[in-house]
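This report refers to the structure that appears directly beneath it.
Since the model is a prediction, treat every value here as computed from it, not as a measurement.
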Amino acid sequence: MKKFAPLCFIFLLFSCSHARTLEVMSYNVENLFDTKHDEGKLDWAYLPKDTEGKTKECKKVKSRRRRNECLDGDWTKEKFDIKIGQITDAIVKERGKTPDLLALVEVENENAVKALADSLKYKSFVVSNGPDNRGIDLALLYKEEKGFKLISKKEIKIETEEFKKWPTRNILEVEFLYKKKYPLTVFVNHWPSLANPTINRIRVATALKKRIDELLKKNKNHYIMALGDFNTNDKDHPHPFKDVLLKDETMFDLHESYRSDRSISWDEKNSMPPGTHFFAPEMSWNILDRIFLSKNFKDKKGMSVKNDSYSIYAPNFLTDTYEYRSRKKYLNGSKVRGVPRRYNHSAKNTGDAGYSDHFPVLFKVNVK
């Protein structure tokens, strides 16, 4: 029996180490709508063509392109199922597993999220119910069996003057007690698009920062994650991150920590895409999807993050090549490889469907 002891010890050591790692992913899944109309929402583009009232409502759309997309759109149960399968593949096809926490952006409602949760085999999830006119919401899927005890689910409403005519998404706030020991709050975000003035994102950043400060004032050891699509780039001024969210350094940007970490080689850093989203009209990359963590994730006392666990997840099958086509522009004919293979909502098979116009972001937390 003694000759097996070292092997048993190694097995137990590996098992314990594995059990102490928490994996987190954030993913903008690009318009995951179900096939039923949500009362009061402008979801007509993502409904079957024969839905009562669809033609009438689509004709009200002011943009000619959007109006035609709405009228021509035929979002059926078969197409919905294909999209669910594509998102599932994006997450597990190459990795072979699901993250312990999965934050989702651009989901319509609980019905759509449940279908995805069932496909991914998650038993537990929470969904926001915000005022966005199109019905775009947020979700957080989690593995209760891995030690997550749900304490509360709240939503931060942004009700300033700027959002009276066109409301923005709520911020989803989910509090857990992890492993019966660690208070953890996760904020899932989808900030106003870059078509909005910077002040709109400043307002949302201010609301999020206020809530984070409230939690840390009550308990300085509270662990906080803010994930999602922040729709913010370097052009914003004043800057929602530098001038609001990160101003007093109670939170840090994991992407920036990764890029500035000298222990990580430039070869490794440069192997990742230059962003999570590619804006074709300007042929530019943006890091819209971010991970912000409270500074106690750096102290290595309880829950801690390693910079090298962070990645913009972009396996080859999630990527595409984009060719710029505009005869009047000097970039005409230029190609960019490795951009997100965005979803084609008119696709009738998986080969034509694609995945999303965003790449997921992924990181791991070590737990003592």
> Should the heavy atoms of other residues, nucleotides or ligands under 6.0 Å from CD of E214 be counted, would the total exceed 12?
Replying inline: yes
>> Taking the side chain as everything from C-beta on, heavy atoms only, tell me whether L208 gets closer than 4.5 Å to W191.
In response: yes
> Is the NZ or CZ atom of K295 both under 6.0 Å from the centre of the six-membered ring of F252 and within 45° of that ring's axis?
Replying inline: no
> Given the rule in the side-chain hydrogen bond (donor to acceptor under 3.5 Å, both in side chains) test, do N296 and S294 qualify, once you have shown the distances and angles that lead to the verdict?
Replying inline: CA-CA 6 Å; N296 53 352; S294 50; 2.5 Å; yes
> Got more than 12 heavy atoms from elsewhere within 6.0 Å of CD, E69?
Replying inline: yes
> Any donor and acceptor pair, going by atom type alone, linking the side chain of K54 with main-chain N or O of C70 inside 3.5 Å?
Replying inline: yes
>> For the NE2 atom of H190 and the CG atom of L172, what is their distance to the nearest 0.5 Å?
In response: 13.5 Å
> Are the ring centres of Y122 and Y142 closer than 6.0 Å?
Replying inline: no
> Cation over ring, K83 on Y343, under 6.0 Å and within 45°?
Replying inline: yes
> Minimum heavy-atom separation for N366 to T21, with atom names?
Replying inline: OD1-OG1, 3.7 Å
>> Taking the ring centre of each residue, are F292 and F241 less than 6.0 Å apart?
In response: yes
> Taking all non-hydrogen atoms of both residues, which atom of D89 and which atom of F317 are closest, and how far apart?
Replying inline: O-CZ, 3.6 Å
> How would you list, by chain and number, every residue that makes a side-chain hydrogen bond (donor to acceptor under 3.5 Å, both in side chains) with T51, sequence neighbours excluded?
Replying inline: none
>> Would you say that more than 12 heavy atoms from the other residues, nucleotides or ligands in this model lie under 6.0 Å from the NZ of K306, or not?
In response: no
>> I'd like to know whether S193 forms a side-chain hydrogen bond (donor to acceptor under 3.5 Å, both in side chains) with N231, so could you lay out the CA-CA distance, the side-chain angles of the two residues, the decisive distance to 0.1 Å, and finally the verdict.
In response: CA-CA 5 Å; S193 75; N231 274 320; 5.7 Å; no
> More than 12 heavy atoms of other residues, nucleotides or ligands under 6.0 Å from CD of E145: is that the case?
Replying inline: yes
> Just wondering, are more than 12 heavy atoms of other shown residues or ligands nearer than 6.0 Å to CG in N316?
Replying inline: no
> Could you state the interatomic distance from CG (L177) to OH (Y182), rounded to the nearest 0.5 Å?
Replying inline: 10.5 Å
> Between atom CH2 of W44 and atom CZ of R134, what is the distance when rounded to the nearest 0.5 Å?
Replying inline: 14.5 Å
> Where do P340 and H358 come nearest, in terms of heavy atoms and distance?
Replying inline: CB-N, 4.0 Å
> Roughly how far, to the nearest 0.5 Å, is the CD atom of E268 from the CE atom of M272?
Replying inline: 7.5 Å
> Do L254 and N307 touch side chain to side chain, with heavy atoms closer than 4.5 Å?
Replying inline: yes
> Counting N and O atoms only, with roles assigned by atom type, does the side chain of S260 sit under 3.5 Å from a partner on the main chain of E256, one being a donor and the other an acceptor?
Replying inline: yes
> So, N344 versus D352: side-chain donor-acceptor pair below 3.5 Å or not?
Replying inline: no
>> Is the shortest side-chain heavy-atom distance between F279 and D357 below 4.5 Å?
In response: no
>> So, taking the atom named CG in D74 and the one named NZ in K49, what distance separates them when rounded to the nearest 0.5 Å?
In response: 6.5 Å
> Within a radius of less than 6.0 Å around CZ of R95, do more than 12 heavy atoms belonging to other residues, nucleotides or ligands occur?
Replying inline: yes
> Given the rule in the side-chain hydrogen bond (donor to acceptor under 3.5 Å, both in side chains) test, do D289 and S26 qualify, once you have shown the distances and angles that lead to the verdict?
Replying inline: CA-CA 8 Å; D289 306 87; S26 178; 5.4 Å; no
>> Just so I know, are the side chains of K97 and V92 near enough to count as touching, which here means a heavy-atom distance under 4.5 Å?
In response: no
> What about L318 and L116, same hydrophobic cluster or not, with Ile/Leu/Val/Met/Phe/Trp/Tyr joined at side-chain heavy-atom distances under 4.5 Å?
Replying inline: yes
> Does the side chain of S265 pick up a donor-acceptor pair with the side chain of D267 at under 3.5 Å?
Replying inline: no
> Could you go step by step and tell me if N31 and Y46 meet the side-chain hydrogen bond (donor to acceptor under 3.5 Å, both in side chains) rule?
Replying inline: CA-CA 9 Å; N31 293 322; Y46 296 97; 3.0 Å; yes
> Any link between L32 and Y27 through a network of hydrophobic side chains (Ile, Leu, Val, Met, Phe, Trp, Tyr) touching at under 4.5 Å?
Replying inline: yes
> Once the angle between the rings of Y322 and Y324 is folded into 0 to 90°, is it parallel (under 30°), tilted (30 to 60°) or perpendicular (over 60°)?
Replying inline: perpendicular
> How about K153: does its NZ atom have over 12 heavy atoms from other parts shown lying under 6.0 Å from it?
Replying inline: yes
> Hey, is the main chain of T98 close enough, under 3.5 Å, to the side chain of K143 for a donor-acceptor pair?
Replying inline: yes
> What pairs meet the side-chain hydrogen bond (donor to acceptor under 3.5 Å, both in side chains) rule with one or both residues in residues 216-225, with sequence neighbours excluded?
Replying inline: T185-H222
>> For S128 and D137, which I'm curious about, is there any donor-acceptor pair between the side chains at under 3.5 Å?
In response: yes
> For V186, does its backbone N or O pair with a side-chain atom of E175 as donor and acceptor, under 3.5 Å?
Replying inline: no
>> Cation-pi check for W266 against K269: NZ or CZ below 6.0 Å from the six-membered ring centre and within 45 degrees of the axis, yes or no?
In response: yes
> With no hydrogens and no angle check, is any side-chain donor or acceptor of R67 less than 3.5 Å from a backbone partner on K62?
Replying inline: yes
> When you measure from the side chain of S304 to the backbone N and O of D299, does any donor-acceptor pair fall under 3.5 Å?
Replying inline: no
>> If hydrophobic clusters are built by linking Ile, Leu, Val, Met, Phe, Trp and Tyr wherever their side-chain heavy atoms come under 4.5 Å apart, do L101 and I312 end up in the same one?
In response: yes
> Between CG of L194 and NE2 of H277, what distance do you get to the nearest 0.5 Å?
Replying inline: 8.5 Å
> Within the distance-only criterion (no hydrogens, no angle test), does the side chain of K41 pair as donor or acceptor with the backbone N or O of D132 below 3.5 angstrom?
Replying inline: yes
> Can you name the residues that form a side-chain hydrogen bond (donor to acceptor under 3.5 Å, both in side chains) with K60, not counting sequence neighbours?
Replying inline: E57
>> Looking at every non-hydrogen atom in both residues, tell me the closest pair between N170 and I158 and how far apart they are.
In response: OD1-N, 4.4 Å
> How about K364: does its NZ atom have over 12 heavy atoms from other parts shown lying under 6.0 Å from it?
Replying inline: no
> Which heavy atom in K146 sits nearest to a heavy atom in Y178, and how many Å separate them?
Replying inline: O-CE1, 3.5 Å
> So which heavy atom on I91 is nearest to which on P99, and how close?
Replying inline: CG2-CD, 3.8 Å
>> For residues V188 and I224: do they belong to one hydrophobic cluster (side chain heavy atoms under 4.5 Å, members Ile, Leu, Val, Met, Phe, Trp, Tyr)?
In response: no
>> Taking the six-membered ring for Trp, are Y313 and F359 closer than 6.0 Å centroid to centroid?
In response: no
